[in-house]
Amino acid sequence: MDILFGRNKKEQLEPVRARVTGKIPSWLQGILLRNGPGMHTVGETKYNHWFDGLALLHSFTIRDGEVYYRSKYLRSDTYNANIEANRIVVSEFGTMAYPDPCKNIFSKAFSYLSHTIPDFTDNCLINIMKCGEDCYATTETNYIRRINPLTLETLEKVDYRKYVAVNVATSHPHYDATGNVLNIGTSIVDKGKTKYVIFKIPATAPEDGKKGRGPLKHTEVFCSIASRSLLSPSYYHSFGVTENYVVFLEQPFRMDILKMATAYIRGVSWASCLAFHGEDKTYIHVIDQRTRKPVLSKFYTDPMVVFHHVNAYEEDGCLVFDVIAYEDSSLYQLFYLAHLNEDFEENSRLTSVPTLKRFAVPLHVDKDADVGSNLIKLASTTARALKEKDDQIYCQPELLCKGLELPRINYAYNGKPYRYVFAAEVQWSPIPTKVIKYDLLTKSSLSWGEAHCWPAEPLFVPTPGARDEDDGIILSAIVSTDPQKLPFLLVLDAKTFTELARASVDVDMHLDLHGLFIPGTAWDVKKQTPSQEEQGRAVDHGVAPRT
Ligand SMILES: CC1=C(/C=C/C(C)=C/C=C/C(C)=C/C=O)C(C)(C)CCC1
Ligand SMILES: [Fe+2]
């Protein structure tokens with residue numbers, strides 16, 4: 001497994017043309033841009049966790065049936081400092097780093113104290129976000145890094161805190177039809193309060209065009225939700241939206257702020273400050289986008305850990321939302337590199353399988369409803385919401401499908417009733433072996449898999465003028481544990497899940513996390529740099545955030 005996880009990947013700075021077998025649809029033109037950890041060793045030092053790895057951006061430019069691949073490490077401050085020192089000097093999720101090797105106890109104490117309030121990493125390895133015309137590499141700290149999507153160059157470092165008071169924020173923002181971004185972060189013990197802050201970044205800013213003034217400057221707070229606890233807010237990785245609501249899960253997987261404040265002194269990682277509290281509830285917050293306030297009813301469900309929301313929608317006075325849920329936080333445990341070694345099969349058994357669950361909450365609660373009655377009358381789901389004595393509503397999900405992660409949908413259906421989930425199939429081990437299409441209506445699935453192949457998150461691209469939800473193709477970057485087999489970009493027909501084409505490249509490709517597709521043709525593929533006259537247009541084409 002070292003081939004997939006431990007070994008540092010070589011960047012491919014010059015675009016390399018892929019060998020295409022099969023036929024890539026001629027309408028499929030654009031850049032698949034993805035992000036993930038690529039380097040886990042610097043000099044003699046090693047990261048502990050797969051999520052710590054230095055961000056490696058890669059892209060597949062598809063034009064006229066041809067594919068060009070390139071990759072480049074994000075030149076974050078973290079990357080530069082590590083490379084300069086030839087060792088890990090910035091702390092990541094699972095690795096606490098000590099920048100100054102202190103020689104005596106006094107200087108040690110001084111150095112410790114100056115790190116009590118840590119500055120987080122800008123190693124943005126999780127996803128790519130579109131903000132108007134700009135593209136950012138993202139992680140879950142307060143930093144994002146602007147990048148050039150064509151050349152993969154690293155541009156300015158942006159501190160969310162300049163625009164909105166958040167210390168951490170998700171890597172899974174949502175986009176509305178015009179490209180406005182909605183995201184959520186946590187403001188930790190700010191003026192004596194800890195709260196979850198939903199914020200909006202407009203797709204266009206009034207002074208667009210003036211250098212250095214992007215949409216981020218116009219970020220506004222959409223709504224804040226007080227954390228149930230000042231010193232242990234929830235950890236979360238994504239959230240859901242419908243046409244009129246936002247759904248946020250305050251789950252009992254929590255960050256211990258006091259532990260975090262002393263982590264450096266104690267020589268432990270941030271990850272060790274996160275804990276699952278199986279005795280607590282999961283609170284379901286529903287925010288009305290029209291009033292920008294949480295609805296008054298109090299919804300909760302059993303303790304669970306959710307990383308990925310799949311989709312959410314409104315149906316007959318109810319809000320329905322689908323998530324991939326776990327019974328504990330063992331997923332994060334499994335990605336310690338020590339577990340991902342030769343005894344991988346043995347070591348990497350998940351203690352809880354990721355399960356696609358559907359929840360339904362009533363948007364208007366009848367005050368006179370009997371205690372114990374089910375407030376969900378939808379024919380489409382067995383999910384229930386039971387009224388309790390103290391006006392709380394207990395939500396019991398419908399179990400839809402086990403063994404899938406990294407879900408994607410046709411984003412045109414985000415927030416709306418939908419039928420298909422595209423995902424990576426994972427069973428008792430966290431590593432995907434198949435790409436699947438799960439049909440929520442028939443509860444059946446189609447899949448693609450091949451020996452020694454490890455697929456990345458599958459991404460849906462709609463056919464121009466698509467009528468059906470699954471009119472389109474699936475793109476997934478496939479890496480292999482067989483040294484004889486080259487990595488490739490897989491192109492599947494999203495309807496039938498038959499392979500349309502694969503584009504193999506003789507490069508050192510990494511298993512990545514998330515990304516997006518930027519449709520358009522307005523750039524010079526061979527050079528993969530925008531030609532001067534088309535640069536402006538390339539950006540225009542590129543803003544469509546629907547991925
Ligand atoms: C550095 C750092 C963090 C990083 C978390 C990361 C990098 C999480 C990655 C999660 C992934 C990839 C999940 C996939 O399902 C925290 C805990 C937010 C806060 C403290 C500092
Ligand atoms: Fe994710």
Side-chain angles (χ1 to χ4, degrees), residues 5 34-38 40 47-55 74 76-78 88 90-97 115 117-129 137-144 160 166-174 183-188 196 232-240 251 253-257 259-261 263-264 268-276 305-310 323-326 329-336 350 354 404-408 423-424 426 430-432 456-459 510-516 547:
F5 296 104
R34 302 188 52 85
N35 200 352
H40 289 90
Y47 287 118
N48 298 323
H49 201 278
W50 189 59
F51 298 166
D52 297 344
L54 293 170
L74 183 80
S76 56
D77 290 357
T78 297
I88 297 163
V90 181
S91 302
E92 299 292 340
F93 173 70
T95 307
M96 187 58 81
H115 281 82
I117 296 162
D119 189 20
F120 288 144
T121 180
D122 69 337
N123 173 31
C124 301
L125 79 155
I126 303 182
N127 203 355
I128 313 284
M129 170 170 77
T138 63
T139 180
E140 296 189 350
T141 65
N142 53 302
Y143 292 118
I144 54 176
Y160 270 137
V166 290
N167 304 87
V168 292
T170 86
S171 245
H172 287 287
H174 279 288
N183 201 357
I184 180 163
T186 308
S187 171
I188 301 169
Y196 309 104
S232 53
S234 257
Y235 169 84
Y236 51 91
H237 182 75
S238 64
F239 64 108
Q251 54 190 5
F253 183 30
R254 296 200 295 256
M255 301 164 75
D256 185 322
I257 303 306
K259 279 193 176 162
M260 285 180 83
Y264 189 85
V268 299
S269 69
W270 305 132
S272 75
C273 308
L274 259 58
F276 177 62
V305 176
V306 167
F307 300 104
H308 295 116
H309 281 252
V310 182
V323 295
I324 310 280
Y326 294 78
S329 57
S330 64
L331 179 79
Y332 275 13
Q333 224 39 48
L334 287 176
F335 279 100
Y336 279 98
L350 278 169
L404 73 176
E405 247 301 358
L406 301 170
R408 296 294 291 237
V426 285
I431 315 304
E457 169 196 65
L459 207 137
H510 58 313
L511 189 64
D512 63 18
L513 281 163
H514 300 294
L516 49 73
T547 55

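When a ligand or atom number is given, it counts from 1 through the structure's own listing order. Not measured: the values here are computed from a predicted model.
- With hydrogens left out, the protein atom closest to atom 15 (O) of ligand 1 is H308 CE1, 3.5 Å, a heavy atom.
- If you look at Y143 and F120, their ring centroids are not closer than 6.0 Å.
- Atom 7 (C) of ligand 1 has T139 OG1, 3.8 Å as its closest protein atom, hydrogens excluded (heavy atom only).
- Using the six-membered ring where Trp is involved, H237 and F307 have ring planes that are perpendicular, over 60° apart on the 30 and 60° scheme.
- Side chain of N167 to main chain of I188: a donor-acceptor pair is present (N/O by atom type, distance under 3.5 Å, no hydrogens or angles).
- Contact analysis leaves E405 out of contact with ligand 1, as no non-hydrogen atom separation drops below 4.0 angstrom.
- The side-chain hydrogen bond (donor to acceptor under 3.5 Å, both in side chains) search around Q251 returns none, not counting sequence neighbours.
- In the model, T141 has no side-chain atom that pairs as donor or acceptor with a side-chain atom of T121 under 3.5 Å.
- S187 contributes no side-chain N or O that, together with a main-chain N or O of V166, makes up a donor-acceptor pair within less than 3.5 Å.
- Using a 4.0 Å cut-off between heavy atoms, D52 makes no contact with ligand 1 at all.
- The side-chain contact (heavy atoms from CB on, under 4.5 Å) test with H514 singles out one residue from L406, I128, L125, T138, and that residue is L406.
- Below the 2.8 Å limit, the Fe ion (ligand 2) has as protein N, O or S neighbours H172 NE2, H237 NE2, H308 NE2, H514 NE2.
- Here the heavy atom of the protein found nearest to atom 6 (C) of ligand 1 is E140 OE1, 3.9 Å.
- S232 pairs by the side-chain contact (heavy atoms from CB on, under 4.5 Å) definition with S229, R254, not counting sequence neighbours.
- Closest to atom 10 (C) of ligand 1 among all protein heavy atoms lies Y332 OH, 3.2 Å.
- If you number the atoms of ligand 1 from 1 as listed, the ones under 4.0 Å from a heavy atom of M260 come out as 20 (C).
- For D52, there are no salt bridge (Lys or Arg N to Asp or Glu O under 4.0 Å) partners two or more places apart in sequence or in a different chain.
- Counting protein heavy atoms only, atom 17 (C) of ligand 1 is closest to F93 CD1, 3.8 Å.
- Rounding to the nearest 0.5 angstrom, the gap separating the CG atom in N123 from the CZ atom in F93 is 13.0 Å.
- Between H172 and H308, the ring planes lie perpendicular to each other; the angle is over 60°, past the 30° to 60° tilted range.
- Heavy atoms of F120 found under 4.0 angstrom from ligand 1 belong exclusively to the side chain.
- At the shortest separation from atom 21 (C) of ligand 1 among protein heavy atoms lies W270 CD1, 3.3 Å.
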